[in-house]
Amino acid sequence: MQGTEKKALDIAWVREQFPSLKLQVNGHPAAFLDGPAGTQVPKQVMDAIQDYLLNANANTYGAFLTSLRTNEMTLSARAAMADFFHCDPDEVVFGQNMTTITFALARAIGRELKPGDEIVVTTLDHDANVAPWRALEDEGAVIRQVDICEADCTLDLDDLKRKITGKTKLVAVGYASNLVGTINPVAEITKLAHAAGALMFIDAVHYAPHGPIDVKALDCDFLVCSPYKFFGPHMGTLYGKREHLQRLKPYKVRPAPNASPECWETGTQVQELIAGIAAAVDYLAELGRRCEPPVKNRREALLAAYRATKRHEMGLFARLIDGLLAIPGVRIFGITDAKRFEERCSTLSFRLGEHNPTELAAFLGERGIFTWDGNFFALNLTERLGVEKQGGVLRVGLVHYNTAEEVERLLSGLREFIGR
Ligand SMILES: Cc1ncc(COP(=O)(O)O)c(C=O)c1O
């Protein structure tokens, strides 16, 4: 980074951008440690949604002002997501959420499969990257599921190598686990998939708030993520290599556009939220420009933002792990060794003795500390770890608007729970 001034994240500025962080619960400030299920939204996103509804609210392709503005807004949101993914704007598809997009894509891919063709999924993944592929069993596809290494909740790469064969047509892997925070070596897995002649599909929903995505460098065929996990509105987005988006045939109504990417966007889109997606990307870029002022363009600004947010998140995370390890009865799932933090992000799940995670989440919730309990739809994983029948785990997610004080409040809340 020669010649570039790198500043630490200005946490006061960050928190000012998120009006909802001011919420109080029973006299306590809310600590939003629930980011993995959806992050809070900066005011830039709220303003963009309001501005669209005030000045551009219409359907696309009409011959009048608000419709023309809607077309322009959609193009600029595609350009924003193209900078986010590092692809071309026509390789960006908007949809209701990742799950809906993945079911639609799987159905379209299913049209090209023959009985006996194989799809590889994993035990580490959210069910939205499993069930849509398993649905193709009805057409004769064979699903092969890769196991984990239980001790550190990483993917078992030897098992993965065994399961990718000449029959494999698609490998579906998450970029990062929404339960244990493990970051998978997706570039390496993409190479293995391609060497076998298979397509590579990456679920980056959990990774997107924590690290920069570069579909060009990864060379994956498809990658999905959901803006509501990275400070945007409740929607999903897909990157697809142009050749695949043009070749595959999505299920669609006849009068809707046949050209990609629009043929993938079933029905009327939630235009106001698409406006909000562009604003979420611009918020991150603004953050990056504040952290490394001379950045050249939006993509560079996004990379600068992630350098700063990652430093901040992992600083908090080290504190969280140290604090948790000092609490008797805490069992953390996944990587805890600081030397291996590059292999994980700042999401962590644990159990406290035999306590039910729901009871713990409710106790913390009354004190304004928002955490999640259960399986978070990573059902294969909670079953594999043997915790599904015991209520799953308690999950704490740290994103860049969280603070050291919030981590300390969580730790003292846990100590208070034990000492009742
Ligand atoms: C890793 C991961 N994949 C997929 C999903 C599903 O995303 P969506 O809610 O956009 O369908 C989630 C949601 O929690 C997730 O965490």
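Each ligand, and each atom within it, is numbered from 1 in the order the structure gives.
- Heavy atoms of other residues, nucleotides or ligands lying less than 6.0 angstrom from CD of E300 number more than 12.
- Looking at residues two or more places apart in sequence or on another chain, you find a side-chain contact (heavy atoms from CB on, under 4.5 Å) between A82 and C87, P89, V92.
- A salt bridge links R319 with E408; the closest basic N to acidic carboxylate O contact falls under 4.0 Å.
- Salt bridge annotation for E405-R15: absent, with no cationic side-chain nitrogen under 4.0 angstrom from a carboxylate oxygen.
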Throw together a table of side-chain donor-acceptor distances under 3.5 angstrom for residues 164-172, partners on residues two or more places apart or in other chains.
from: T165; atom 1: OG1; to: K167; atom 2: N; distance (Å): 3.0
from: T168; atom 1: OG1; to: T165; atom 2: N; distance (Å): 2.7
from: T168; atom 1: OG1; to: T165; atom 2: O; distance (Å): 3.0

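- A heavy-atom cutoff of 4.0 Å around ligand 1 is satisfied by the protein residues N97, M98, T99, H126, A128, N178, D203, V205, H206, S226, Y228, K229.
- Under the salt bridge (charged side-chain N to carboxylate O under 4.0 Å, His left out) criterion, the residue pairs touching residues 196-223 are D214-R299, D219-K241, D221-K241, with sequence neighbours excluded.
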